[in-house]
Amino acid sequence: MEGVIVKALSGFYYVRSGDETVECRARGRFRLDGESPLVGDRVEISLDAQGRGRVDRILPRRNFFIRPAVANIDLLIAVASEAEPVTDPFLIDRVTTTAEHAGCALLICVNKSDASPSRRLRDIYAATPYKLIETSTVTGEGIAELAECIRGKVCAFSGNSGVGKSSILNALEPGLGLATGEISEKLGRGRHTTRHVEIFPVAGGFCADTPGFASFDVEQMPPIPKDELQHAFPEFAEYMGRCRFDDCAHMKEPGCAVREAVEAGRISPSRYESYKRLYEISARYKDWELKDKS
């Protein structure tokens, strides 16, 4: 039998095959091979004599992500907020570069638009090709537009805790009833209310609801090799062939067209700072270490 993993919880994998969902364990060899099934994986399963399911094989993936821990995603939606909790653009850029490197489409959703008039994030991403939608689950702003972007796709929502991922999914699909939590005034961030990864039918497509990463640790995500990182910033593309040196890293080299574009205001300084920060992280690793993490 073939199916798609729609939920992973406590070592069990729930596989949708046809009209039924089968609770499965994974074969032990996956642990030996260092590979784990992910929500979104297309898999082959079998049933034992007692009718218990087992994941036997993971079919080839189109892409996969560590955070969120999902596979075969058509659209990754980076959810952010200008209200409490205010999102650090670096968190968004870590998601955008991961999506670019994996060849996955990316959309930025700035939630809680009713609570803040700030245009900070809109201005930062104006020079990028990414679509940015402002939403509010209070007023309904942007929800219909977001639904159209999701229709017919398998999507994953990612963002720091408290930005309202579960609330957005509830607004997109009334009756879904995902648990949501209030913001902790003491901590200034959301409590972790999403305890597992699961794919839900939403707005004519499917979405994975995932734990937030308030304590986001870039070391837990595979760094992009430093020589490839520039390609994960699409607004750099028209300048990369104009640098004085062919192997320009766009860091401190003289005659760098990318840095000149930043100084001229054609590339966001915030995006460039994220590039430098990610480049420095990648530079700490040897090529073989990055291969082990991929």
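Between E173 and A203, the closest heavy-atom pair is OE1-N, 3.0 Å. Nearest approach of P85 to K112, heavy atoms of both residues: CD-NZ, 3.7 Å. When all heavy atoms are compared, the tightest approach of L121 to P89 is CD2-CG, 4.1 Å. The heavy-atom pair separating F30 from D56 by the smallest distance is CZ-O, 3.6 Å. Between V95 and A78, the closest heavy-atom pair is CG1-CB, 4.1 Å. When every heavy atom of N63 is checked against every heavy atom of A102, the shortest pair comes out as CB-O, 3.9 Å.
Both tests do not hold together for R259 against Y272: distance to the six-membered ring centre under 6.0 Å, angle to the ring axis within 45°.
No single ILVMFWY cluster, assembled from side-chain heavy atoms under 4.5 Å apart, contains both V4 and V70. I168 is not connected to V138 by any chain of hydrophobic side-chain contacts under 4.5 Å among Ile, Leu, Val, Met, Phe, Trp and Tyr, and they are in different clusters. One hydrophobic cluster holds both I5 and I58 under the rule that ILVMFWY side chains link at heavy-atom gaps under 4.5 Å.
Between F236 and Y275, the ring centre distance stays below 6.0 Å.
Counting only residues at least two apart or on different chains, no salt bridge (charged side-chain N to carboxylate O under 4.0 Å, His left out) pair has a member in residues 9-27.
A salt bridge links R62 with D74: the closest approach of a Lys/Arg side-chain nitrogen to an acidic carboxylate oxygen falls below 4.0 angstrom. With respect to D41 and R61, a salt bridge is recorded, a charged nitrogen being found less than 4.0 Å from a carboxylate O. Taking a cutoff of 4.0 Å between a charged side-chain nitrogen and a carboxylate oxygen, E82 and R120 qualify as a salt bridge. With salt bridges taken as basic N to acidic carboxylate O contacts below 4.0 Å, none links E253 and R244. Comment: E280 does not engage K226 in a salt bridge, judged by the lack of any side-chain N to carboxylate O separation of less than 4.0 angstrom.
No side-chain heavy atom of N72 sits less than 4.5 Å from a side-chain heavy atom of V154. Counting heavy atoms from C-beta on, the side chains of P37 and Y13 come closer than 4.5 Å. Residues L59 and E2 meet the side-chain proximity criterion, which asks for heavy atoms closer than 4.5 Å. Y130 is not listed as a side-chain neighbour of L107, based on a closest heavy-atom distance of 4.5 Å or more. Using a 4.5 Å heavy-atom threshold, the side chains of E100 and F233 count as separate. Two residues are said to be in side-chain contact when any heavy atoms from C-beta on lie closer than 4.5 Å; V163 and K165 meet this criterion. S46 places none of its side-chain heavy atoms less than 4.5 Å from the side chain of M1. At a threshold of 4.5 Å between non-hydrogen side-chain atoms, the residues P254 and F245 count as touching.
Remark: D88 CG to S270 OG distance equals 7.5 Å, nearest 0.5 Å. In this structure, CD in E148 is found 13.0 Å from CD1 in I143, a value given to the nearest 0.5 Å. Interatomic distance, I150 CD1 to C155 SG, rounded to the nearest 0.5 Å: 5.0 Å. Atom OG of S268 and atom CG of D123 lie 9.0 Å apart (nearest 0.5 Å). Interatomic distance, L75 CG to F157 CZ, rounded to the nearest 0.5 Å: 8.5 Å.
Residues N111 and S81 have side chains that never bring a donor and an acceptor to within less than 3.5 angstrom of each other. Side-chain contact, Y125 with R271: no donor N or O sits under 3.5 Å from an acceptor N or O. T128 and E235 are not linked by any side-chain donor-acceptor pair at a separation below 3.5 angstrom, with hydrogens and angles left out of the test. Side-chain contact check for T87 and N160: at least one donor-acceptor pair (N or O, by modelled atom type) lies under 3.5 Å. There is a side-chain donor-acceptor pair under 3.5 Å between H250 and Q230.
Evaluation of the side-chain hydrogen bond (donor to acceptor under 3.5 Å, both in side chains) rule for E273 yields K276 as partners, not counting sequence neighbours.
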